[in-house]
Every structure is written in structure tokens, then in C-alpha cells.
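A short write-up of the structure that comes next.
Below, read A as the first sequence line, B as the second, and so on, with proteins coming before strands; counting in each chain starts at 1.
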Amino acid sequence: MAKNTLSSRFRKLDIDEFDENKFVDDHDEAVDNQGPDGAEIDNLIRQGDMMTAFHIALRNPPVNTKNPAIKERALAIVLRVLTSFKSSDIEPAVKSLDRSGVDLLMKYIYRGFKKPSDNSSAILLQWHEKAFAVGGLGSIVRVLTARKTV
Amino acid sequence: MSLYSFGLEPLSCHAWNKDRTQIAVSPNSSVVIIYEKKGNEWAKIHELTEHSGRITGIDWAPDSNRIVTCASDRNAYVWTLKDKVWKPTLVLVRINRAATFVKWSPLENKFALGSGARLISVCYFEKENDWWLSKHIKKSIRSTVMCLDWHPNNILLAAGSSDFHCRIFSAYIKEIEDKPGPTAWGAKMPFGEMLLETKDCGGWVHSVSFSPSGDHLAWVAHNSSISVADATQGKEMTQLTTDRLPLVSVLYVSPTEMVAAGHDCCPFQFSYKGPGSLKFVKKLDIPKQTSRGSMSAMQHFRNLDKKATDDESNELGCLHQNSITQLCIVSGTKAHVDKYSSVGLDGAMVLWDFKVLPTYTTYTKGCGHPVK
């Protein structure tokens with residue numbers, strides 16, 4: 001065989017990066033949200049005020065940043081809140097959200113599905129069921145089509 | 001409403017002739033078949049076979065009786081009827097990717113063609129050399145143009161693209177028409193000028209439709225939403241997210257009402273009355289009355305055992321059994337549609353009646369005037 005077939009270094013090259021017609025997302029000038037405040041939420045969970053913790057956790061979602069650390073941190077906080085809910089409290093919590101809140105909750109639920117921990121899947125499935133009842137297939141489609149992910 | 005089945009192949013697109021006795025459809029292949037209504041049935045009368053790629057768009061100009069077709073083979077043909085045979089004329093669209101959508105302008109002196117080459121080709125007939133020429137609109141478009149709609153003034157063109165934006169361009173061709181007057185979207189309209197670019201819609205824009213007056217523009221996107229931009233209110237955009245599967249075709253049927261259909265297999269009615277006031281009205285399909293008949297207890301349990309359900313039918317509860325791909329006005333004008341048609345992936349074409357329900361008058365206290 002010829003020598004030039006030995007190297008497979010070319011396979012690691014991302015050819016799409018060099019495409020001059022490559023699609024680049026619009027850069028949104030909106031505020032880079034930093035995600036919810038972990039300490040405040042810890043306090044509220046300790047006090048047992050789950051509803052407020054829930055609402056604060058869903059505030060300031062880090063959708064505009066590209067920094068994965070911020071997103072991981074926000075995800076961890078939200079999942080902590082979601083997993084500490086009692087099953088009977090899930091439905092009123094979902095009902096207290098507006099349309100965009102339900103879409104955001106769905107985004108977090110699916111991100112939580114991606115990395116399952118010990119008992120997160122069961123409670124997340126309950127959350128999913130209640131959020132689906134309110135948001136319908138449209139909210140799941142918006143999780144799939146969202147360019148700005150949580 | 002009535003359903004006609006044109007076979008098992010999905011229908012990608014359709015177009016009607018002027019008196020709605022003939023319909024041109026494409027069964028997801030490189031041919032266009034023209035059917036004529038004979039009584040209650042549709043009989044095949046012509047087959048247009050010039051394209052070598054899958055047909056992506058058909059439009060039939062009612063007054064000049066010309067058909068324009070475009071396909072994934074990067075070509076478009078204009079067909080004219082001579083001696084009862086449809087003869088194709090190649091259009092030089094000069095695109096290097098597939099064509100995705102084609103539409104005649106309201107005055108039928110030009111047509112617009114969307115393509116995967118990230119440009120819109122506006123084509124007109126040049127008499128001196130007896131051929132169809134094209135001009136390109138490329139400004140700002142960063143991905144495939146998926147849908148087009150003409151403004152009633154024959155100059156402005158709305159385009160929805162898979163770069164998540166909806167835009168309005170001027171398609172003014174000075175060789176064939178006079179300078180247009182100002183509209184609510186803008187006053188200066190040289191060819192290719194962009195008069196509106198929406199912000200990120202959240203998904204590919206599948207279909208756009210101007211309102212009958214041309215002052216509102218509605219579009220549907222792949223994130224299961226429908227939006228309207230209002231020229232009379234400073235181009236303000238209102239978006240409504242639905243809890244259903246994405247809609248892929250939208251049509252204005254009155255100055256305030258729109259019909260949209262898509263992957264939920266049935267049409268829905270929406271209403272826009274002003275900024276912030278875009279509402280879902282109702283589902284426009286009447287569910288089939290499932291005639292269960294009398295099922296014996298034995299049959300009931302046998303079904304439960306075999307199929308885990310005692311529901312005999314495995315059909316969707318609506319007329320179309322698969323996604324709807326395109327809606328088209330059949331009778332009436334955009335300002336007052338009486339009938340519209342839909343074709344879908346199930347190979348069926350359904351004719352729908354549209355009725356605007358009368359609004360109820362209510363009286364305000366101490367005023368005496370009816371308020372609708």
C-alpha cells in the first residue's frame with residue numbers, strides 16, 4: 001500500500017468549520033443570565049418552602065451563555081429542587097407556571113433525563129407527566145427545536 | 001367536507017385551475033398528474049414528465065392558464081396548454097441547489113422561486129428573446145428558502161427560511177412593471193430591498209401568508225408556533241406557541257382569521273385582531289363517529305388479549321390519516337374564503353368548507369349600542 005494511506009489524522013479534522021457558508025447563530029445581545037442562586041434555594045428547601053424554591057430555580061435560566069459550567073450549575077440546582085418535591089405537590093407547582101415556564105421546565109426535565117442519577121428518573125417522569133398534561137406535544141417539540149438550550 | 005384519495009403515495013403539492021375542475025398534484029415523484037373532475041370522481045387527463053428530480057412546487061396561474069413547476073433537479077418549467085397538450089418551457093433560474101417552492105405573482109406576469117441555494121429567483125418573461133429570465137434576491141438569507149407568498153400589490157414578497165427568520169423583500173422588476181406606491185411596510189422598494197426581517201422565530205419557517213389587505217403577515221414555524229407581524233402597528237410581532245405538533249401550512253381566509261394545518265393531520269383556525277391578540281379558535285375537523293356496533297363479550301376480551309386494546313379501529317379520529325402538506329384556497333378570495341383544500345402524506349385531498357361564525361351582539365350598560 002502507498003505510504004499516504006497510513007495516517008488517519010485527517011479523520012480528526014472537522015471539515016464543517018472551514019465551510020464558508022457555515023450557519024452561525026444570531027448573537028443575542030440579551031443579558032447573560034447566570035442561573036439561579038444556589039444558597040437562597042438551599043435555604044428555602046431547608047425551610048420546606050418548595051414552591052418558592054421552585055419558582056426561583058426557574059428564574060434567570062442560563063440560555064444565552066456558551067459556558068458549560070454555568071449551565072451545569074444551574075441544572076444541578078434545578079434538579080435538586082425537582083427531586084426534593086413530594087409527588088402530590090408536583091401538579092400544583094406545574095399549574096402555577098405560565099406557558100414559557102412550562103417550556104423551560106420541560107427543557108430542564110429532558111436535560112435531567114440525559115444524566116440519570118439514583119432516583120431522579122422516577123420523579124422526573126412524574127414531573128414530565130404533569131408538565132406534558134399542561135404543555136402538550138408542543139412543549140416537547142420546543143425542547144427539540146430550541147437553539148438556546150438550558 | 002369531502003375526501004378524495006389519489007392513491008397511496010404522499011402528495012407533496014397541488015394546484016387548481018381557474019374553475020376548479022382540474023387539479024394538478026405530484027405524488028412525491030418527478031411527475032405532475034392533472035386530474036379532471038368527472039361527476040364524483042377524478043379522472044387522470046395529463047401527465048407532465050419533464051423534471052428529473054422530485055417535484056417540490058406547483059402553481060397554476062388562473063387567468064393566463066400557465067402552470068409553473070419546480071423540482072429538486074434545480075430546474076423550473078412553465079407549461080402552456082397548446083392543442084390540448086401541456087408544453088414545457090425551461091426557465092433559467094440559475095440555482096445550484098434544489099428548488100423548494102414556487103408561486104405566481106397576483107398579476108401573473110412573474111413568479112418567485114425559493115431554493116436551497118439560499119436565494120430567491122424572481123422570474124419574468126422577456127419578449128425580445130422569447131425566454132424566461134431571472135433575478136436573484138440573496139440579501140441576508142442564510143439558509144434554504146422554504147416558502148413564499150406575494151403581497152396583493154404584486155411587488156412585495158414574503159419568504160420564510162430555515163435560518164429561523166421570515167423576511168419581506170421587494171421583487172419590483174422595472175422591465176415589466178411600473179413603480180409601486182408606498183405600502184405600510186415601506187416606501188422605497190428597489191429590487192431586492194428587505195423591508196422586514198423578523199427576529200429568531202425559534203424554528204424553521206414552514207409557511208407564510210399575507211393577509212387580504214397585505215398589512216399583516218402570518219407564518220408558522222417548526223417550534224409549534226404561529227406568529228403575525230403587523231405593519232400598521234410598527235411591524236410588531238405576536239407569537240402564539242401551541243401545545244400540538246408543528247404546523248406546516250398557513251392560509252389567511254378572512255381579514256382576521258387564518259387556517260393552519262400540519263403534523264396533527266387536521267386544520268386549525270386562528271384569529272388575529274391586533275398586537276398581543278393572536279388566539280387559537282378551534283379545530284376544524286369533525287371527528288368520525290366511531291360505529292362500534294355490538295361487540296360480543298368474547299370479541300372484547302379476545303381483542304384485549306391479542307392487541308391490548310378493545311378499540312377496533314386503528315385510524316386517527318380525523319379525515320386525513322397523515323400529516324397535511326399544503327393548504328390552498330378553492331373558492332372565494334383571501335378576504336372571504338368559502339372552500340379550501342388540503343393534501344397530505346396519506347395521498348388524500350380534502351375539500352373543506354369555511355364558515356365565519358356570526359358574532360353575538362352584547363349590550364353595554366347604559367349605552368344602548370350593540371358592541372360586538
Side-chain angles (χ1 to χ4, degrees), chain A residues 16-33 58 61-66 90-91 93-111 127-150, chain B residues 95-97 115-119 138 140-146 160-167 197-206 219-227 238-248 260-266 268 270 276 278-280 283 316 323:
Chain A
D16 288 329
E17 293 293 323
F18 299 101
D19 184 5
E20 60 247 11
N21 296 329
K22 182 175 166 183
F23 180 79
V24 178
D25 273 302
D26 290 338
H27 179 69
D28 207 334
E29 301 300 331
V31 168
D32 277 345
N33 289 318
L58 289 181
V63 285
N64 284 327
T65 72
K66 295 228 171 48
I90 293 181
E91 193 166 346
V94 173
K95 289 236 158 67
S96 70
L97 289 174
D98 64 350
R99 259 260 160 80
S100 50
V102 174
D103 287 345
L104 180 62
L105 175 64
M106 259 311 184
K107 280 189 190 168
Y108 276 118
I109 291 175
Y110 274 96
R111 274 217 72 195
W127 274 103
H128 185 275
E129 184 194 347
K130 299 287 183 267
F132 176 67
V134 176
L137 288 165
S139 62
I140 300 182
V141 171
R142 278 185 283 284
V143 172
L144 297 171
T145 60
R147 298 291 288 188
K148 298 197 191 121
T149 53
V150 118
Chain B
I95 54 180
N96 59 1
R97 291 287 186 278
S115 71
R118 293 152 44 230
L119 53 85
K138 282 196 205 182
S140 306
I141 304 177
R142 289 187 292 147
S143 189
T144 305
V145 174
M146 297 183 72
S161 164
S162 60
D163 63 1
F164 319 117
H165 291 276
C166 191
R167 300 179 178 88
E197 184 179 37
T198 65
K199 62 177 177 25
D200 191 323
C201 299
W204 306 320
V205 179
H206 283 297
W219 66 91
V220 282
H222 199 69
N223 65 345
S224 299
S225 69
I226 177 168
S227 320
T238 313
Q239 186 183 62
L240 173 70
T241 50
T242 71
D243 56 356
R244 300 191 158 81
L245 291 177
L247 300 159
V248 298
H263 295 291
D264 268 316
C265 316
C266 74
F268 298 99
F270 294 89
L278 177 57
K279 290 188 179 35
F280 167 70
K283 185 167 155 174
L316 288 175
S323 308

Check: What are the two closest heavy atoms between B:S224 and A:G138, and how far apart are they?
Finding: OG-CA, 3.7 Å
Next item on the list: Please look at B:R142 and chain A and tell me whether the side chain, the backbone, both or neither of the residue comes under 4.5 angstrom of a heavy atom of that chain.
Entry: both
Notebook entry, point to check: Considering heavy atoms only, which positions within residues 140-147 of chain A lie below 4.5 Å of chain B?
Noted result: A:V141, A:R142, A:T145, A:R147
